[in-house]
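As structure tokens, the structure follows; a few thoughts come after it.
Chain letters run A, B, ... following the sequence lines, proteins first, then strands; residues in each count from 1.
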Amino acid sequence: MVFLASGAFVFWIFLAMLPGMTREAAAQILERIALLLELKGENPFKIRAYKTGAEVVESYPGDIMQLAAEQKLSGIKGIGDALRDKLYEMATTGKLEFFDNLRAEFPETLFELFEVQGLGPKKIAALYAELGVGSIADLKRACESGEAAKLSGFGGKTVVKILESLAFRDEHASEFRVDQVYGLALAILEALRAHPAVSRAEVCGSFRRGKETVHDLDFLCATKKPEEVIADFVGLPMFEKVIAQGGTKASVYAANGVQCDLRAVSSKEFPFALNYFTGSKEHNVVMRQRALDQGWSLNEYAFTPVEGKAGPVIPAVHDEADIYRALGMDYIEPELRENAGEFDAAEQGHLPHLILLENLRGVFHNHTTASDGMASLLEMADAAQELGMQYLGIADHSKSSFQANGLSEERLRAQIAEIRELNEKFEGHFRIFAGTEVDILKDGSLDFSDELLSELDYCVASVHNVFNLPEAEMTRRIIRAMENPHVTMLGHVTGRLLLQRPAYAVNIPAIIDAAAETGTIIELNASAWRLDMDWRWWRLAKEKGVKCSINPDAHSTRGLEDVLYGVRAARKGWLTKKDVINCLPLGEVEKALMKGKIR
DNA sequence: GCCGTTTTCGGCCCGACTGTTTTCAGTCG
């Protein structure tokens with residue numbers, strides 16, 4: 001086994017041999033227990049305890065599974081005796097008998113029903129008990145046959161809503177959010193690069209282009225021993241099933257259902273293959289046409305002279321930049337390759353210097369235990385400093401967001417005081433900005449008074465309810481909020497949850513115009529679920545002079561790291577560090593928070 | 001099931017909206 005020479009591979013083998021369980025798997029089991037208990041009509045507080053437990057496991061800053069295995073979980077809020085024992089069992093045996101017994105009562109496919117908008121535990125329980133609906137396929141059949149509409153509590157409109165939700169799901173079948181594949185992609189890449197017979201390796205496709213969702217992962221490697229590399233690739237422990245395996249390419253399914261493809265080429269072919277498999281298709285079409293204009297044909301392996309058309313001598317190509325140079329252009333970053341103006345800019349030398357993760361100096365819009373976050377103010381501040389940030393903006397929910405334990409006026413004032421006090425201790429080398437994520441109410445008014453808002457360093461305004469307004473009304477509602485001089489930023493503009501809930505109806509160009517007029521910053525919510533405002537709008541915003549804030553919307557210390565997804569989206573939206581206010585250092589960012597406002 | 005604690009059990013997160021009802025249950029945030 002060639003891979004044995006590689007530290008990364010040994011590491012993966014080691015992981016695969018441990019009897020324990022990853023934190024993600026353990027958190028998922030706790031979540032599923034909560035769902036099944038809901039179906040069984042259990043005590044709602046017990047259910048919540050399992051949900052909270054899942055969140056704690058998911059977001060605990062530290063190796064919680066290791067702690068569980070060593071029986072050192074006492075004192076962690078949300079983990080009591082029962083969950084402690086269950087986590088110990090999972091960490092040491094890799095399974096949980098309680099869960100196995102519980103799930104044996106229901107079909108495995110039942111869980112997918114919870115992903116359907118409009119279906120909750122009660123309706124799912126009724127569908128299962130009355131009609132034996134245990135999967136999405138069953139559900140579709142029951143809705144289309146009219147059976148579902150006859151159930152008590154169901155009706156025509158309910159069924160229409162369910163069918164609409166199913167159609168949305170179908171449209172996005174086999175797509176994955178970037179956070180669902182990110183760690184996997186890096187681990188596979190690391191393993192490939194560590195292979196002694198591999199000289200170069202890269203992830204291609206929509207992942208490399210920074211898309212918000214992907215439907216597979218495409219890997220490319222340069223090697224002189226393709227068959228050997230392919231054989232070792234399909235044997236990696238994170239793969240569950242080999243779909244196809246040949247001399248130069250292979251396709252496999254990873255454990256979470258993502259298809260991963262590997263193609264092996266020679267080092268000479270590598271830049272061409274990298275360019276070709278990165279795409280997009282639309283970008284490639286233009287690339288090939290441009291090559292033809294030079295008298296060359298371009299494919300995934302090389303430039304070749306077109307017969308009968310004496311073009312200039314084909315230059316040597318060592319990397320992708322050489323290909324662009326040969327075609328008379330600057331190097332185009334993968335994120336920009338959508339045939340959306342990048343060729344003109346590359347020809348004229350006008351490509352933007354895209355923002356980098358290391359350009360960020362701080363993070364706005366984060367939650368603490370005061371509302372629905374998992375970490376305290378101090379823990380969040382510590383974590384931000386660990387990430388090299390100079391400042392941290394807190395923006396807990398406002399009082400109307402009951403579900404998120406939104407702060408009352410009194411509690412917010414107390415938090416402001418607490419922040420001021422902490423800042424004294426930082427002595428200027430770090431600062432917490434006191435803010436709020438204030439709800440935009442149905443009529444566009446805000447959930448806190450102007451007087452209270454004026455006491456804050458900044459304010460994010462977001463829509464959290466009444467999503468079904470007509471577009472014009474929703475747009476007016478949001479613009480009214482932006483017109484409030486205390487509103488510094490607009491949070492998650494469309495409320496979309498990728499692959500789960502479509503955006504509500506809102507006129508984005510009108511919002512961008514209003515942002516420009518009122519000096520309101522628009523958030524790029526970096527949560528992989530949202531990535532909202534969408535990258536497709538940022539060039540317009542930038543043209544209008546609207547600034548961006550890449551906001552992790554962190555609900556835990558780990559959540560702060562989501563800024564990396566936001567940076568990917570910002571790069572895809574042509575943004576540079578000059579366009580993003582949280583690239584400004586402490587001492588300058590304060591001015592950006594005031595610009596156009598009366599703070 | 002967790003938490004807090006005057007250690008033994010009571011309280012735990014509330015309101016709007018929708019659709020099916022005819023006074024309310026379920027879902028969502």
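Applying the 4.0 Å criterion to OP1 and OP2 of B:dC12, one finds that A:R48 has every side-chain N and O outside that range. Within the 4.0 Å cut-off from OP1 or OP2 of B:dC12, not a single side-chain nitrogen or oxygen of A:K46 is found.
For A:R476, the salt bridge (Lys or Arg N to Asp or Glu O under 4.0 Å) test picks out no residue, with sequence neighbours left out. Qualifying ring pair (Phe, Tyr, Trp, His ring centres under 6.0 Å) partners for A:F207, counting only residues two or more places apart in sequence or in other chains: A:Y182. Evaluation of the ring pair (Phe, Tyr, Trp, His ring centres under 6.0 Å) rule for A:Y128 yields A:F106 as partners, not counting sequence neighbours. With sequence neighbours excluded, the residues forming a ring pair (Phe, Tyr, Trp, His ring centres under 6.0 Å) with A:H365 are A:H367, listed by chain and number. When the ring pair (Phe, Tyr, Trp, His ring centres under 6.0 Å) test is applied to A:H172, the partners found at least two apart in sequence or on another chain are A:F168. Residues passing the side chain to side chain donor-acceptor pair (under 3.5 Å) test with A:R558: none are found, sequence neighbours excluded.
When the P atom is used for both B:dT27 and B:dT21, the distance is 14 Å, rounded to whole Å. Comparing B:dC13 with B:dT8, their C1' atoms are spaced 24 Å from each other, to the whole Å. Across the P atoms, B:dG11 and B:dT5 are found 16 Å apart, a figure rounded to whole Å. B:dT20 and B:dG26: their C1' atoms are spaced 10 Å apart (whole Å). Separating the C1' atom of B:dT18 from that of B:dC12 is a span of 27 Å, rounded to the nearest Å. Between B:dT7 and B:dC2, the two C1' atoms lie 16 Å apart (nearest whole Å).
Nucleic acid contact for A:K86: sugar-phosphate only, since backbone atoms but no base atoms lie under 4.0 Å from a heavy atom of the residue. Within 4.0 Å of A:L83, counting heavy atoms only, lie sugar-phosphate atoms of the nucleic acid but no base atom.
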Taking only nitrogen or oxygen atoms into account, show me every contact under 3.5 Å that the protein makes with nucleotides 3-5 of chain B, one pair per line with its distance.
unit_1	atom_1	unit_2	atom_2	d
B:dC3	OP1	A:G78	N	2.4

Dump every N/O contact between nucleotides 6-10 of chain B and the protein below 3.5 Å, one line per pair.
none

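Among the candidates A:S400, A:S445, A:S462, A:S401, the single residue satisfying the side chain to side chain donor-acceptor pair (under 3.5 Å) test with A:D439 is A:S401.
Contact check for A:W535 versus A:R568: no side-chain heavy atoms found under the 4.5 Å cut-off. For the pair A:I355 and A:I550, the minimum side-chain heavy-atom distance is below 4.5 Å. Side-chain contact between A:F111 and A:L36 is present, with heavy atoms from C-beta onward closer than 4.5 Å.
Using a 4.0 Å cutoff on non-hydrogen atoms, the parts of residues 399-411 of chain A near DNA chain B are A:F402, A:Q403, ordered by number. Residues from residues 117-145 of chain A placing a heavy atom under 4.0 Å of any atom in DNA chain B, listed by number, are A:Q117, A:G118, A:L119, A:G120, A:P121, A:K122, A:K123. For the contact set between residues 154-164 of chain A and DNA chain B, defined by any heavy atom under 4.0 Å, the members are A:F154, A:G155, A:G156, A:K157, A:T158.
Base pairing of B:dG4 is made with B:dC9, judged by Watson-Crick or G-U wobble geometry with both donor-acceptor distances under 3.5 Å.
Residues A:S398 and A:D447 have side chains that bring a donor and an acceptor to within less than 3.5 angstrom of each other. Donor-acceptor pairing under 3.5 Å is lacking for the side chains of A:D562 and A:S527.
Without hydrogens or angle criteria, A:S165 side chain to A:Q117 main chain gives a donor-acceptor distance under 3.5 Å.
Atom CG of A:D439 and atom P of B:dC28 are 18 Å apart (whole Å). Distance, A:D443 CG to B:dA16 P: 13 Å, rounded to whole Å. We find that CG of A:N465 is positioned 14 Å from C1' of B:dT27, with the value rounded to whole Å. Per the geometry, CG belonging to A:N43 stands 11 Å off C1' belonging to B:dG11, to the nearest Å.
Residue pairs that meet the ring-ring contact (aromatic ring centres under 6.0 Å, His included) test with at least one member in residues 491-511 of chain A, sequence neighbours left out, are A:H464-A:H492, A:F467-A:Y504.
Under a cutoff of 6.0 Å and an axis angle of 45°, A:K123 and A:F154 form a cation-pi pair.
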